[in-house]
Amino acid sequence: MASQFPQTDPNPGLVDYRVAEGVALLTLNDPPANTYSYDMMQQIDACILRARMDEDVQVVVITGSGEKFFCAGANIQMLSSVTPEFKYYFCLHANETLNRLEQTPKLVIAAINGHCVGGGLEVAMAADIRIARRNSGKMGLPEVSLGVLPGTGGTQRLARIVGKSRAIELMATGELFDFEVGRELGLINRLYVADTIESFMEQVLNYARQFTTPNKATRAVGRIKRAVQTGTEIPFESALALERELQQQLFQSDDAKEGLDAYVNKRKAQFKGK
């Protein structure tokens, strides 16, 4: 892992950011549970913007440090010691950060290496694709046991993924469940069997690299994401208009020309992301 992702920051802080082969790897770095504070959320936000603006980054992978937790959500000790006004603005900024992650026109993959609960699941749900290591933890939104609700997009994203009735039941009970159940619910896209965390991450990164050039037309991938993320939140006719506009943009790209020429000449396309 270290050789593939050389250290780019001398002091990685609460989020380690590294780039290699078109993939930006963001690692939540506050073991053992990788709970997020306002400081960590600011660093997540900065890393998202950094990856968005970096033309060498085509896919973003977000994971947690260690083998026990992807993320256990917000730091409860921190929340118990601040004012209600701070909590409100903390949740507002977290919402803005995860919206930025969700709306970034680059594919985002959550590599769920361990327990993914509370705000940790809210982070993962803002990703486009979620891959988990089999038998490595539980997931769920248990905030009701603290007398609150999932306040970083959980109520909205969970309902959109699993449906309203199932989402209400899962959040009202606060049930935690294994990743196999998460896959049945549609929360997990893929489950990987891995003896070590290194093996798991290598599988995730191999999967991620298929969405980088020259394998994929990354502009098309990004606009597929935008069409879905935006289109599902607006009226159907408006979504179709958005789809047509995005398609028109792609028809003018070098990658579209390459893809069509490769098809006609029966060869493998070599995309450049342009």
Side-chain angles (χ1 to χ4, degrees), residues 1 4-6 8-9 15-28 41-64 70-71 94-113 122-131 152-153 157 160-161 188-190 201-233 239 242-243 245-256 258-259 269-274:
M1 292 293 296
Q4 294 175 338
F5 285 84
T8 55
D9 292 323
V15 181
D16 185 17
Y17 180 95
R18 305 187 186 201
V19 177
E21 299 180 67
V23 179
L25 178 62
L26 280 61
T27 305
L28 308 182
M41 193 56 69
Q42 285 180 290
Q43 292 184 34
I44 294 173
D45 201 1
C47 288
I48 293 167
L49 290 171
R50 185 173 174 181
R52 177 188 288 188
M53 300 302 293
D54 188 345
E55 295 184 3
D56 291 331
V57 172
Q58 299 166 338
V59 179
V60 178
V61 174
I62 183 167
T63 192
F70 171 79
C71 176
N95 269 312
E96 292 167 339
T97 297
L98 296 187
N99 283 344
R100 229 182 312 280
L101 182 68
E102 188 173 60
Q103 294 300 323
T104 290
K106 297 181 181 183
L107 196 69
V108 178
I109 299 170
I112 302 174
N113 55 302
E122 292 178 297
V123 172
M125 287 193 294
D128 304 303
I129 296 171
R130 288 166 292 280
I131 301 174
T152 312
R157 289 192 176 93
R160 284 162 169 77
I161 295 171
I188 298 296
N189 296 80
R190 292 170 178 265
M201 287 305 301
E202 185 56 38
Q203 290 181 70
V204 173
L205 293 170
N206 284 336
Y207 176 82
R209 291 185 192 106
Q210 73 174 295
F211 300 105
T212 64
T213 54
N215 305 304
K216 281 288 190 299
T218 54
R219 287 168 61 91
V221 172
R223 279 153 182 77
I224 287 170
K225 172 177 177 173
R226 185 184 170 198
V228 173
Q229 293 288 10
T230 301
T232 52
E233 302 299 325
L242 171 64
E243 183 183 83
E245 178 64 29
L246 294 172
Q247 183 73 300
Q248 181 61 24
Q249 293 175 15
L250 289 172
F251 276 143
Q252 300 175 49
S253 70
D254 292 343
D255 278 352
E258 165 66 9
Q270 296 294 306
F271 296 111
K272 297 181 180 179
K274 298 180 179 180

Mind checking the CD-OG1 spacing from E243 to T230? Nearest 0.5 Å is all I need. 12.5 Å

Taking the side chain as every heavy atom from C-beta outward, state whether Q229 and E102 have any pair of such atoms under 4.5 Å apart. yes

Search all heavy atoms of E202 against all heavy atoms of R209 and return the closest pair with its distance. OE2-NH1, 3.5 Å

What I want to find out is whether R18 reaches D16 closely enough, with some N-O distance under 4.0 Å, to be called a salt bridge. yes

Can you tell me if K272 uses its side chain to pair, donor with acceptor, with the backbone of P214 under 3.5 Å? no

In the structure I gave you, are the side-chain heavy atoms of I62 and I48 within less than 4.5 Å of one another anywhere? no

Close side-chain approach of V59 and I109, heavy atoms under 4.5 Å: yes

What are the two closest non-hydrogen atoms of C47 and L26, and how far apart are they? CB-CD2, 3.6 Å

Counting only N and O atoms by type, is there a donor-acceptor contact under 3.5 Å from the side chain of R52 to the main-chain atoms of R100? yes

Is there a donor-acceptor pair closer than 3.5 Å between any side-chain N or O of Q43 and the backbone N or O of V15? yes

Between the side chains of K106 and E55, is the shortest nitrogen-to-carboxylate-oxygen separation below 4.0 Å, so that they form an ion pair? no

Evaluate side chain to side chain contact (heavy atoms under 4.5 Å, CB included) for F211 paired with Q58, printing each intermediate quantity in order. CA-CA 8 Å; F211 300 105; Q58 299 166 338; over 6 Å; no

Is any side-chain heavy atom of T63 closer than 4.5 Å to a side-chain heavy atom of L25? yes

Any side-chain donor paired with an acceptor under 3.5 Å for E21 and T212? no

Would a 4.5 Å heavy-atom cut-off, applied to side chains only, mark Y207 and V61 as touching? no

Is it true that a side-chain atom of D45 and a backbone atom of T97 form a donor plus acceptor pair closer than 3.5 Å? no

Filter on salt bridge (Lys or Arg N to Asp or Glu O under 4.0 Å), then keep only pairs touching residues 214-231, sequence neighbours left out; what's left? D128-K225

Do any N or O atoms from the side chain of N189 and from the backbone of I131 form a donor-acceptor pair under 3.5 angstrom? no

When you compare the side chain of K274 with that of T218, does any pair of heavy atoms fall below 4.5 Å? no

